[in-house]
K.L.:
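Have a look at the structure that comes next, please.
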Amino acid sequence: MRLHHLISLANLDRDCISRLLDRAEHMRVDSHHGTRRLDLLTGRTVLNLFFEPSTRTRTSFELAALRLGANVVNFDIARSSTNKGETLLDTLHTLEAMHLDAIVVRHRETGTPEFMVRHAMSGVSIVNAGDGNHAHPTQGLLDALTIRQHHPDLATLKVTICGDILHSRVARSDIHALTTLGVRELRLCGPQSLLPAPTEVPGCILVEDFDAAIENVDVVIMLRLQKERMAATLLPDEAAYFEHFGLDTRRLSRAAPGCLVMHPGPINRGIEIAPEVADGAQSRILEQVGNGVFVRMAVLAEVLGR
Ligand code: ASP
């Protein structure tokens with residue numbers, strides 16, 4: 001069944017996630033790695049509505065829409081009437097009155113994309129580009145795609161996600177994608193204060209010692225400290241944090257040979273990852289960025305029914 005909106009990966013089954021990843025692969029091949037435009041969405045209009053900063057996600061949604069032949073409008077929050085007190089609902093109805101086909105939304109409040117699905121005109125698709133600490137579904141998909149390109153059989157893989165899991169929407173979407181696709185073992189590592197309750201992450205192994213958590217894994221996904229979502233009392237001392245939870249070459253040598261090093265970005269060098277690892281031979285960080293465009297092409301084509 002075709003998706004009309006993409007809010008979270010939590011309600012998607014394995015077939016649906018695999019279909020979106022296959023579609024992203026086709027987009028990569030058919031667009032000759034992004035060098036040829038596909039005219040699947042000619043005449044359609046996509047609005048990027050980002051209430052939080054973004055580099056990769058916003059640019060790649062824009063490129064994805066353009067490479068499918070759609071028109072794109074980037075809503076400039078800083079210069080908008082949001083600053084004059086307009087509510088989200090009034091902003092939504094105002095923008096819809098100009099005729100849109102899809103709205104890609106990022107917001108600091110969990111639940112905003114779902115709220116928009118409830119209130120948007122029928123025929124307008126809502127795509128979540130990150131809400132609070134809840135979900136970042138296209139990041140979950142592009143991470144799964146990047147892993148699958150290197151290891152087609154996910155059932156053999158051990159994966160560790162390390163860092164501020166508690167506040168990370170990326171971690172939540174990665175967990176949904178990877179458990180649904182059936183990875184063999186998924187370990188979550190971080191300081192106890194930044195780990196979720198075990199009941200929130202069934203099937204995952206929680207580990208506080210990064211040396212143990214990285215032992216023999218095939219993939220390690222590092223996360224940024226989400227300071228903007230953290231109470232000041234939770235903020236760890238950065239030097240101590242790197243010592244216990246930073247990925248450096250010594251720690252990486254404990255992982256399986258060729259372990260993929262991933263990070264959704266933006267990276268904070270020297271806080272969660274050493275520069276020589278971020279730029280090293282095992283780093284897949286820029287591959288993730290490249291895959292982001294194909295995944296977003298697949299998602300826009302899916303929700304807009306082409
Ligand atoms: N860019 C990702 C997000 O928006 C990860 C991060 O900001 O740390 O969630």
Side-chain angles (χ1 to χ4, degrees), residues 6-10 48-64 74-75 77 103-114 126-147 159-178 188-191 194-196 201 219-231 234-236 238 241-242 245-247 261-275 277-278 283-293 295-296 299:
L6 181 65
I7 304 304
S8 156
L9 301 181
N48 273 332
L49 186 59
F50 279 58
F51 293 91
E52 269 195 337
S54 174
T55 300
R56 284 148 285 269
T57 306
R58 202 187 83 154
T59 311
S60 58
F61 265 112
E62 183 171 355
L63 284 174
N74 287 310
F75 185 75
I77 302 290
I103 301 178
V104 178
V105 60
R106 167 171 289 189
H107 203 284
R108 63 193 298 273
E109 297 291 337
T110 286
T112 300
E114 223 164 332
I126 306 293
V127 179
N128 183 4
D131 62 327
N133 64 5
H134 169 237
H136 194 345
T138 53
Q139 182 75 44
L141 292 172
L142 76 90
D143 287 349
L145 181 70
T146 306
I147 294 172
V159 179
T160 292
I161 305 178
C162 178
D164 179 5
I165 314 269
L166 187 66
H167 301 100
S168 173
R169 54 196 177 204
V170 173
R172 283 184 181 68
S173 290
D174 280 353
I175 292 168
H176 285 305
L178 296 176
L188 307 181
C189 174
L194 299 178
L195 283 176
V201 284
V219 180
V220 59
I221 302 174
M222 300 303 296
L223 299 173
R224 180 179 69 87
L225 290 170
Q226 307 279 301
K227 292 183 194 164
E228 67 276 32
R229 290 181 232 292
M230 226 182 257
L234 280 183
L235 256 183
E238 288 177 356
Y241 182 82
F242 184 74
F245 299 101
L247 183 60
V261 173
M262 298 174 54
H263 192 306
I267 60 174
N268 286 146
R269 293 166 182 262
I271 299 179
E272 71 269 2
I273 190 163
V277 175
S283 173
R284 301 290 163 238
I285 297 171
L286 295 179
E287 279 177 34
Q288 289 172 267
V289 176
N291 280 330
V293 179
V295 159
R296 286 161 184 138
V299 166

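Order of appearance sets the numbers: ligands from 1, and atoms from 1 within every ligand.
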K.L.:
Starting from atom 7 (O) of ligand 1, find the nearest protein heavy-atom neighbour and note its residue, name and distance.
P.N.:
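Result: Arg224 NH2, 3.0 Å.
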K.L.:
Can you report which non-hydrogen protein atom sits closest to atom 4 (O) of ligand 1, along with the distance?
P.N.:
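Here the closest protein heavy atom is Arg169 NH2, 2.8 Å.
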K.L.:
Less than 4.5 Å apart, side chain to side chain, heavy atoms only: is that true for Asp143 and Val219?
P.N.:
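SC-SC contact between Asp143 and Val219 ruled out.
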K.L.:
Out of all atoms in ligand 1, which are within 4.0 Å of some heavy atom of Val170? Include the element for each.
P.N.:
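Those of ligand 1 that fall under 4.0 Å from Val170 are 2 (C), 5 (C), 9 (O).
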K.L.:
Taking the side chain as C-beta and beyond, is there a heavy-atom pair between Ile147 and Met262 under 4.5 Å?
P.N.:
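A side-chain contact under 4.5 Å exists here.
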K.L.:
Do Arg229 and Leu166 have side-chain heavy atoms sitting under 4.5 Å apart?
P.N.:
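Answer no - side chains too far apart.
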K.L.:
May I ask you to check whether Arg229 has an N/O atom sitting below 3.5 Å from an N/O atom of ligand 1?
P.N.:
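No; the residue has no nitrogen or oxygen that sits under 3.5 Å from a nitrogen or oxygen of the ligand.
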K.L.:
Should Gln139 be listed as contacting ligand 1, given a heavy-atom distance under 4.0 Å as the test?
P.N.:
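Per 4.0 Å heavy-atom rule, Gln139 does not contact ligand 1.
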K.L.:
Which residue and non-hydrogen atom of the protein lie closest to atom 5 (C) of ligand 1, and at what distance in Å?
P.N.:
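For atom 5 (C) of ligand 1, the nearest protein heavy atom comes out as Gly265 O, 3.2 Å.
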K.L.:
Just to check, does Pro266 reach to within less than 4.0 Å of ligand 1 when the distance is taken from its heavy atoms?
P.N.:
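Per 4.0 Å heavy-atom rule, Pro266 contacts ligand 1.
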K.L.:
For Arg108, I'd like to know if atom CZ has over 12 heavy atoms of other residues, nucleotides or ligands within 6.0 Å.
P.N.:
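Result for CZ/Arg108: open.
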K.L.:
Shortest non-hydrogen contact from Pro113 to Ile126?
P.N.:
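Result for this residue pair: O-CG2, 3.8 Å.
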K.L.:
Would you say the side chain of Asn268 lies within less than 4.5 Å of the side chain of Leu225, judging by non-hydrogen atoms?
P.N.:
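No; the side chains remain at least 4.5 Å from each other.
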K.L.:
Please confirm whether Arg106 comes within less than 3.5 Å of ligand 1 when only nitrogen or oxygen atoms on both sides are compared.
P.N.:
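Looking only at distances, the answer is yes, because the N/O contact criterion of under 3.5 Å is met.
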